[in-house]
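Structure record follows, encoded as structure tokens.
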Amino acid sequence: TPAVRDIDFHGIRLRVTCPLPRVQNAIDDLFAEFAVPDAPGAEINIDVAAIADPEIAGDRLPPAASLLYSNRLRSPESSRVLGLEFDVFRTPEAVFVDLGPKGMMIFDLNASRAEILLADDASIHVDILGSLLVYTLSELVKPRDMRLVHAAAVAIDGRVVIIPGTQGRGKTTTCLSLVADGFGFLSDDVIFLRNCADLIEVCALPEHVSVTEKTIGMFPELRERAGRLTQGLLKQHVRMDDLFPGRIVMSGSPAIILFPEVTGETSSHLEPIARPRALELLLPRGISVLDRADSARNFQMLSRLVAQCA
């Protein structure tokens, strides 16, 4: 019997149906802060299903669908590390993510519905299952004027510090340092921006925090848990409530964008940058966009974010 989860994601009601225990665990981990009991009137439905033959899913791809992105072609090393190859297609009505022999994801944007058809979920690392769910969520909330940005975020007195950065730039270490100093926690890796009248709101997705051995060595709270952290695909995971209970903050107003950089210096310091340069650095952190109109909306949202911040 499929498990059903009702979720209130920042005022948007979702219902997720899933018969696969490993995927259900990923769903519960991702939406731990958003689960609600028996919430009626779901605005978005996500249906996960097991299929015996991946060709069944492949048959759902319309011949006229346009190829938008292929990680096999654009990021072969990434696809090797992740253990997953995928192609993204689009029609005027839907987005199709072809996972090859592992299945298909279909986002019906007009109906606010997603199907995740998996032929072999056991061969997909649980971290990748979580990433697929985040991508699904990001596509389905776009019509509600929400945009995903790859960044950590912390807050104090309702004002949010956004910390974009690629792996190895010190994003997680900076985030943990600020939380240890009393800031609230929104996310280690993914936030959502939402247009609210004349302002941008930062909406949290407080998943686990992913840490390297080097980061573990910097924080006594992590060192005390050495050997008890969850091993992920590339890093180890811990939930923020286990490190600093009661620090999760669900939303706030953006105040500062902080771009960390690891240097050989013995102390940290801040250097101001111009807004155009901040926008240039921030744009790649927005999730890949699928068409020209989508790109324009993404650019406008990030431009407003930069204008709103100090």
Side-chain angles (χ1 to χ4, degrees), residues 9-14 43-44 66-69 74 88-97 105 107-114 131 133-155 158-166 169 171 175 186-206 249-260 272-310:
F9 184 71
H10 297 285
I12 301 173
R13 294 299 180 99
L14 293 79
E43 302 168 62
I44 293 174
S66 301
L67 176 65
L68 300 178
Y69 178 84
R74 296 286 297 275
V88 181
F89 297 85
R90 180 158 189 159
T91 67
E93 298 81 22
V95 174
F96 300 80
V97 183
M105 299 163 61
F107 310 144
D108 186 335
L109 305 179
N110 294 329
S112 296
R113 180 172 182 263
S131 295
L133 290 166
V134 170
Y135 180 58
T136 300
L137 177 66
S138 72
E139 288 299 316
L140 293 177
V141 299
K142 280 182 179 179
R144 289 157 178 81
D145 228 359
M146 296 184 78
R147 298 277 156 163
L148 180 150
V149 174
H150 284 289
V154 297
R159 294 169 64 80
V160 178
V161 179
I162 298 171
I163 313 168
T166 54
R169 304 282 289 192
K171 171 168 56 72
C175 174
L186 284 82
S187 178
D188 173 51
D189 189 55
V190 168
I191 57 173
F192 283 81
L193 304 179
R194 175 161 55 187
N195 268 320
C196 293
D198 296 328
L199 297 175
I200 298 293
E201 179 187 26
V202 182
C203 299
L205 185 60
V249 174
M250 298 309 295
S251 64
S253 176
I256 294 174
I257 305 174
L258 181 63
F259 297 93
I273 60 175
R275 282 190 169 89
R277 176 59 176 160
L279 180 58
E280 180 184 352
L281 292 171
L282 189 60
L283 282 172
R285 305 280 68 81
I287 202 166
S288 58
V289 290
L290 299 178
D291 59 34
R292 182 173 297 179
D294 197 35
S295 298
R297 287 189 290 269
N298 209 53
F299 182 84
Q300 291 166 2
M301 178 84 81
L302 295 177
S303 297
R304 291 185 62 200
L305 171 68
V306 171
Q308 190 172 328
C309 289

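All residue numbers refer to positions in the sequence shown, counting from 1.
In this structure, Arg159 has no salt bridge (charged side-chain N to carboxylate O under 4.0 Å, His left out) partners at least two apart in sequence or on a different chain. The salt bridge (charged side-chain N to carboxylate O under 4.0 Å, His left out) search around Arg113 returns Asp47, Glu115, not counting sequence neighbours. Looking at residues two or more places apart in sequence or on another chain, you find a side-chain hydrogen bond (donor to acceptor under 3.5 Å, both in side chains) between Ser253 and Gln308. Taking Glu43 as the reference, Arg144 meet the salt bridge (charged side-chain N to carboxylate O under 4.0 Å, His left out) condition, with sequence neighbours excluded. In this view, Arg277 and Glu280 satisfy the side-chain hydrogen bond (donor to acceptor under 3.5 Å, both in side chains) rule, not counting sequence neighbours.
Contact annotation: the side chain of Pro260 approaches that of Ile163 to within less than 4.5 Å [non-hydrogen atoms, C-beta and beyond]. When side chains are defined from C-beta on, Leu137 does not count as touching Leu148, because their heavy atoms never get closer than 4.5 Å. Residues Leu193 and Val202 have side chains in contact (heavy-atom distance under 4.5 Å, counting atoms from C-beta outward). Annotation: side chain of Asn195 is not in contact with side chain of Arg297 (no heavy-atom distance under 4.5 Å). Side-chain atoms of Val97 and Tyr135, non-hydrogen and from C-beta on, do get closer than 4.5 Å to each other.
Here the shortest heavy-atom pairing between Val160 and Ala153 reads CG1-CB, 4.0 Å. Residues Ala152 and Cys175 come closest through the heavy atom pair CB-CB, 4.0 Å. Across Gly165 and Arg285, no two heavy atoms sit closer than the pair N-CD, 3.6 Å. Ser303 and Leu279 get closest at one heavy-atom pair: OG-CD2, 3.6 Å. Minimum heavy-atom separation, Ala151 to Ser187: O-OG, 4.0 Å. Smallest separation of non-hydrogen atoms from Pro164 and Leu258: CD-O, 3.3 Å.
The CD1 atom of Ile200 sits 9.5 Å away from atom CD1 of Ile162, with the distance rounded to the nearest 0.5 Å. Distance CG/Leu281 to CZ/Phe259: 5.0 Å, rounded to 0.5 Å. The distance from atom CZ of Phe107 to atom OG1 of Thr136, rounded to the nearest 0.5 Å, is 3.5 Å. To the nearest 0.5 Å, the span separating OG on Ser112 from CD on Glu139 amounts to 12.0 Å. Note that the CG atom of Leu305 and the CG atom of Leu199 stand 11.5 Å from one another [nearest 0.5 Å]. How far CE of Met146 is from CD of Glu201: 7.5 Å, rounded to the nearest 0.5 Å.
Annotation for Asn110: atom CG counts as buried by contact number, over 12 foreign heavy atoms lying within 6.0 Å.
The main-chain N or O of Pro284 is never found under 3.5 Å from a side-chain atom of His150 such that the two would form a donor-acceptor pair. Proximity of a side-chain donor or acceptor of Arg275 to a complementary backbone N or O of Cys309 within less than 3.5 Å is detected.
Pairs engaging residues 301-310 under the salt bridge (charged side-chain N to carboxylate O under 4.0 Å, His left out) rule: none recorded [sequence neighbours left out].
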**Item:** Audit row: Asp189, Lys171, salt bridge (charged side-chain N to carboxylate O under 4.0 Å, His left out) steps and yes/no
**Value:** CA-CA 8 Å; Asp189 189 55; Lys171 171 168 56 72; 3.4 Å; yes
